[in-house]
Amino acid sequence: MDGSERITNASSARTHLLTAVSARKDAGSSPTGVVGRSLARQLLDAGDRVRVLAEPGLVDGWPDGVEVVEGSITRPLERAEVFDGVDGVFLAGAVPATVRDALEAARGAGVRRVVVLSSHGPEYEEAYPPETWFWLAVERAVECSGMEWTHVRPSAVMGAMIEGTYPATGSDWPDTIRGERVVREAFLNGGHYPFIHEDDLAAVAVAALRADDHVGTVLEAVGLPISTRSRIASIAGALGCDVAAVEVEPEESRANWRRRGWPDSGIDVTLYALEEYGARLAELTRWTLDQRPSVREIIGRPPRGFDEWAAANVHLFR
């Protein structure tokens with residue numbers, strides 16, 4: 001396979017396979033390229049090797065030393081050789097229809113561990129017929145694979161707007177802030193949404209891949225709910241100028257997001273969560289704080305906030 005490698009302590013270095021798929025706007029999808037690139041940097045810094053199976057739009061921009069193979073985890077048998085010599089797989093973007101093919105190829109190649117980039121709340125799928133499951137179908141397949149496993153269930157990722165993945169809230173802000181210095185969105189005054197920084201989510205994945213503490217567990221990689229106004233204020237602070245905020249009716253946000261290619265499933269959950277987290281803020285904040293192990297305990301440092309994210313990504317809004 002093509003690609004150069006940066007290895008420290010080569011005698012003990014392990015090879016990890018990361019998978020990355022094109023942006024998905026369906027409810028619960030995370031930006032696999034944004035998270036994957038951060039994960040690759042952290043694994044390389046830890047002295048391990050990194051290989052990536054990336055769909056065509058995501059083959060560029062990986063850190064030096066990453067071995068990139070073009071292909072898709074949704075068609076794993078076309079690139080079954082990517083599992084050769086791999087110790088652990090960060091399984092992001094797999095789909096129920098072909099996940100078992102991927103897992104059989106991985107197990108046959110001697111892969112020891114699979115860490116699933118899942119979604120926040122797949123347990124709710126249990127109330128519906130198994131043929132309708134998505135995230136839960138992937139998780140269950142991994143649990144039955146015969147390999148060690150960990151499921152990472154994140155809240156929304158701060159960098160989702162970079163890649164154009166779920167959630168819809170904030171997805172048009174780079175355009176409207178650059179062009180008009182304005183945000184127009186539903187539930188502006190009371191809306192909240194839980195976010196985790198992509199570097200923190202990647203650090204959780206590093207712990208799951210490299211340590212044995214989390215084998216056979218579900219890690220709730222959740223961030224605290226952040227108000228919509230607070231996110232706008234963070235971006236304005238990073239820009240050093242005012243950003244106007246205009247509240248619109250939910251149907252106006254729905255129409256705007258539809259024009260931008262968002263499916264109703266992603267829109268419905270976004271609007272529901274904005275309103276629900278605002279209405280039940282104390283309860284859902286408490287639920288987040290009560291999760292064990294917490295993100296802070298897993299990664300060994302305080303999670304990064306939206307102010308820090310906005311400062312690092314201010315170029316998106318200029």
Side-chain angles (χ1 to χ4, degrees), residues 12-20 28-32 34-52 73 83 86-94 99 102-103 106-107 109-126 135-158 194-224 287-304:
S12 61
R14 291 168 287 186
T15 298
H16 303 284
L17 175 68
L18 320 183
T19 62
S29 295
S30 296
T32 59
V34 169
V35 175
R37 290 183 181 97
S38 179
L39 175 56
R41 286 191 295 272
Q42 295 182 45
L43 289 170
L44 290 170
D45 288 344
D48 287 345
R49 302 180 181 95
V50 177
R51 183 181 300 155
V52 174
I73 192 60
F83 295 103
V86 168
D87 180 76
V89 174
F90 182 65
L91 190 66
V99 66
L103 295 170
R107 185 179 181 186
V111 170
R112 180 173 62 93
R113 180 173 299 174
V114 179
V115 175
V116 179
L117 180 61
S118 187
S119 174
H120 179 49
E123 66 272 17
Y124 296 114
E125 293 183 308
E126 288 186 285
W135 301 106
L136 196 56
V138 172
E139 289 186 359
R140 293 284 173 84
V142 172
E143 291 168 17
C144 296
S145 69
M147 293 175 283
E148 297 175 353
W149 60 269
T150 304
H151 303 325
V152 179
R153 294 178 176 175
S155 51
V157 178
M158 293 179 189
F195 281 92
I196 185 170
H197 195 292
E198 50 264 32
D199 290 347
D200 296 339
L201 176 52
V204 170
V206 169
L209 283 166
R210 302 191 84 250
D212 296 333
D213 310 50
H214 309 297
V215 172
T217 67
V218 174
L219 298 179
E220 296 283 358
V222 289
L224 289 169
W287 178 88
T288 303
L289 293 171
D290 286 344
Q291 295 307 303
R292 291 293 180 275
S294 67
V295 171
R296 180 171 185 157
E297 289 169 341
I298 295 168
I299 68 178
R301 58 169 174 77
R304 294 176 176 167

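For the single chain, residues carry numbers from 1 onward in sequence order.
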Could you tell me whether the side chain of [Y] reaches within less than 4.5 Å of the side chain of [X], counting heavy atoms only?
X	Y	answer
Ser145	Arg107	no
Arg210	Leu43	yes
Val142	Leu103	yes
Ile196	Val222	no
Met158	Val34	no

**Report entry** Whether Arg292 side chain and Leu289 backbone form a donor-acceptor pair below 3.5 Å
**Finding:**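 Present.
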Query raised in the report: Ignoring hydrogens and geometry, is there a side-chain-to-backbone donor-acceptor pair from Arg113 to Leu209 under 3.5 Å?
Result: yes
Query raised in the report: Should Ile299 and Val204 be marked as a side chain to side chain contact (heavy atoms under 4.5 Å, CB included) after you check the CA-CA gap, both sets of side-chain angles, and the distance that decides it?
Result: CA-CA 6 Å; Ile299 68 178; Val204 170; 3.8 Å; yes
Restricting to non-hydrogen atoms, name the atom on [X] and the atom on [Y] that form the minimum distance, rounded to 0.1 Å.
X	Y	value
Ser118	Pro122	OG-CG, 3.8 Å
Thr217	His214	OG1-O, 2.6 Å
Ala13	Arg49	O-NH1, 3.3 Å
Ala94	Val99	CB-CG2, 4.0 Å
Trp135	Glu125	N-OE1, 3.3 Å
Pro154	Ser30	CG-OG, 3.7 Å

About how many Å separate [atom2] of [Y] and [atom1] of [X], when rounded to the nearest 0.5 Å?
X	Y	atom1	atom2	value
Leu219	Glu297	CG	CD	11.5 Å
Asp48	Asp87	CG	CG	8.0 Å
Thr150	Leu117	OG1	CG	12.5 Å
Asp199	Ser38	CG	OG	3.5 Å
Ile298	Leu201	CD1	CG	10.0 Å
Glu139	His151	CD	NE2	4.0 Å

Report task. Apply the test side chain to side chain contact (heavy atoms under 4.5 Å, CB included) to residues Arg37 and Leu18: give CA-CA distance (whole Å), side-chain angles for both, the deciding distance (0.1 Å), then the verdict. Result -> CA-CA 9 Å; Arg37 290 183 181 97; Leu18 320 183; over 6 Å; no
**Report entry** Among Val111, Val114, Leu91, Val89, side-chain contact (heavy atoms from CB on, under 4.5 Å) partner for Leu17
**Finding:** Val89
